[in-house]
Amino acid sequence: MTTTDPFRELREELDARAAEGLLRKRRIIAGKQQPALLADGEDMLSFCSNDYLGLASHPALIAAVQQAAQEVGVGGGASHLITGHHRLHHELEEALAHFVGMPRALFFSTGYMANLGVISALAGRGDAIFADRLNHASLNDAAVLSRADLHRYPHNDVAALEKQLARSTARRKLVVADAVFSMDGDIAPVPQLLELCERYDAWLMLDDAHGFGVLGAHGKGTLEHFGVHGPRIIYMATLGKAAGVSGAFVAGESELVEYLIQRARTYIYTTAMPPVLAAALLAALPIIEKETSRREQLQTLIATLRGNLKPKQWRLDESITPIQPLIIGSNEDALRVSEHLRERGILVPAIRPPTVPQGTARLRITLSAAHTVEDVMRLVNALHAAEGAQ
Ligand SMILES: *Cc1c(COP(=O)(O)O)cnc(C)c1O
């Protein structure tokens, strides 16, 4: 009997990925999450964080964690349904529901878990999920986990979605979309999606990971941006991006939230997030709402980037959000540009398939209120130099 090397297949797959320019590497970050980032021991100017409002290192949040840690310790203790549901989690849920103007909210440990939990609780065999093709991976994974029939519609194509809805005979229908698309920065046509859901008796689940805190006059997200509301909306947002901490929540009608407490497995079968993080988020909410200067600064930075960056061979896609996608094309070219910037102390990773469609490898530039206009101009000049050097 010959023995086989169980790692050979893995090694071959890794080698193949490397040959295609698809091998991913982690950088080791030291110090705080902020634009001036210490990455792999080097001082870098970063344009790849989702800390859009610059709250990840905000003194008020740090103080809230320090104070809460003295009072409640650091552990989550148990799952929410046993003894993990702390007063601080409960206060945060009430504050989040009030913040987004919906009856009730449920706090999850991560956005990935919220999406898996909500979709697999609401949809099952015989149900149908209608999903935008560019939705976040967690929404796609959730659809698979649910065992419902998955219909993917072309990006933001309301007419194609309508055809799919009209044909469906499913018992329960769930339309699922990123509210702001994570790799493109564009916004879903939420009023039209809601209108279709009302007409075809479907739920509308919106993942506002990148709109919460950023869009709307008070940072209440994509629903505030459009001024829409309705009981069919299942609103999900993450708290590790603009809110600067970690976690996620789902907001909607009371019955929906009660149902999720009973049925969302990623809520039930996991340890509650440490309540100190709920304390940090309780400190973040009033800052998000009242410090409108942070969103104004973002708008200034977006205008600076778009007004000055004039690529010749590349394409800066349309976006009014802090996600500014610079489409390069091939994986190798995207990596080369990213490396060119890195040598000049600027960090913008290349985003490659399967995260984005083949042939649209890109630099996903993200701006933060913690950046300055000078930071953005340094990026613009470095990109022009990189294109000239190609
Ligand atoms: C980041 C992200 C998630 C996952 O949220 P985490 O809290 O990081 O797990 C879900 N959906 C979208 C669109 C995201 O960008």
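Hydrogens, waters and symmetry mates are skipped; everything else that's a heavy atom, side chains included, is used. When a ligand or atom number is given, it counts from 1 through the structure's own listing order. When a residue number appears, it is its place in the shown sequence, counting from 1. Note that the coordinates shown come from a computational prediction; the quantities given were computed from them, not determined experimentally.
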Point to revise | Distance from atom 14 (C) of ligand 1 to nearest protein heavy atom, with residue and atom | key: Lys241 NZ, 2.8 Å
Practice item. For the pair Arg294 (side chain) and Leu53 (backbone), establish whether a donor and an acceptor sit closer than 3.5 Å, ignoring hydrogens and angles. Key: yes
Check your understanding: His371 vs Phe47 aromatic rings, parallel, tilted or perpendicular, using cut-offs 30° and 60°?
Key -> parallel
Practice item. Provide the number and element of each atom of ligand 1 under 4.0 Å from a heavy atom of Ser182. Key: 15 (O)
**Study point:** Backbone N/O of Ala36 and side chain of Gln34: donor-acceptor pair under 3.5 Å
**Key:** yes
**Study point:** Reference residue Asp184; test side chain to side chain donor-acceptor pair (under 3.5 Å); the match among His210, His155, Arg362, Arg364
**Key:** Arg362
**Study point:** Heavy atom of the protein closest to atom 11 (N) of ligand 1 (residue, atom name, distance)
**Key:** Asp207 OD2, 2.5 Å
Exercise for review: Using a 4.0 Å heavy-atom cut-off, say whether Asn50 meets ligand 1 through its side chain, its backbone, both or neither.
Suggested key: neither
**Study point:** Backbone N/O of Gly244 and side chain of Asp51: donor-acceptor pair under 3.5 Å
**Key:** no
Review point. So His86 and His89, would you call those rings parallel, tilted or perpendicular, with 30° and 60° as cut-offs?
Key: perpendicular
Check your understanding: What atoms of ligand 1 come within less than 4.0 Å of a heavy atom belonging to Thr110?
Key -> 7 (O), 9 (O)
Practice item. State yes or no: are the ring centers of Tyr200 and Phe130 separated by less than 6.0 Å? Key: no
Point to revise | Sub-4.0 Å heavy-atom approach of Ser138 to ligand 1 | key: yes
Point to revise | Under-4.0 Å heavy-atom contact with ligand 1, by part of Thr238 that carries it | key: side chain
Study note, to complete from the structure: Logged contact type for Ala248 with ligand 1, heavy-atom cut-off 4.0 Å, is neither
Practice item. Please work out whether any backbone atom (N, CA, C, O) or any side-chain heavy atom from C-beta onward of His210 is under 4.0 Å from ligand 1, and answer side chain, backbone, both or neither. Key: side chain
Exercise for review: May I ask you to identify the nearest protein heavy atom to atom 4 (C) of ligand 1, giving residue, atom name and distance to one decimal place in Å?
Suggested key: Tyr112 N, 3.6 Å
Point to revise | atom 6 (P) of ligand 1: nearest protein contact (heavy atom, Å) | key: Gly111 N, 3.3 Å
Point to revise | Subset of ligand 1 atoms that lie under 4.0 Å from at least one heavy atom of Asn115 | key: 10 (C), 11 (N)
Exercise for review: State whether the side chain of Arg295 and the backbone N or O of Ala369 hold a donor-acceptor pair below 3.5 Å, judged by distance alone.
Suggested key: no
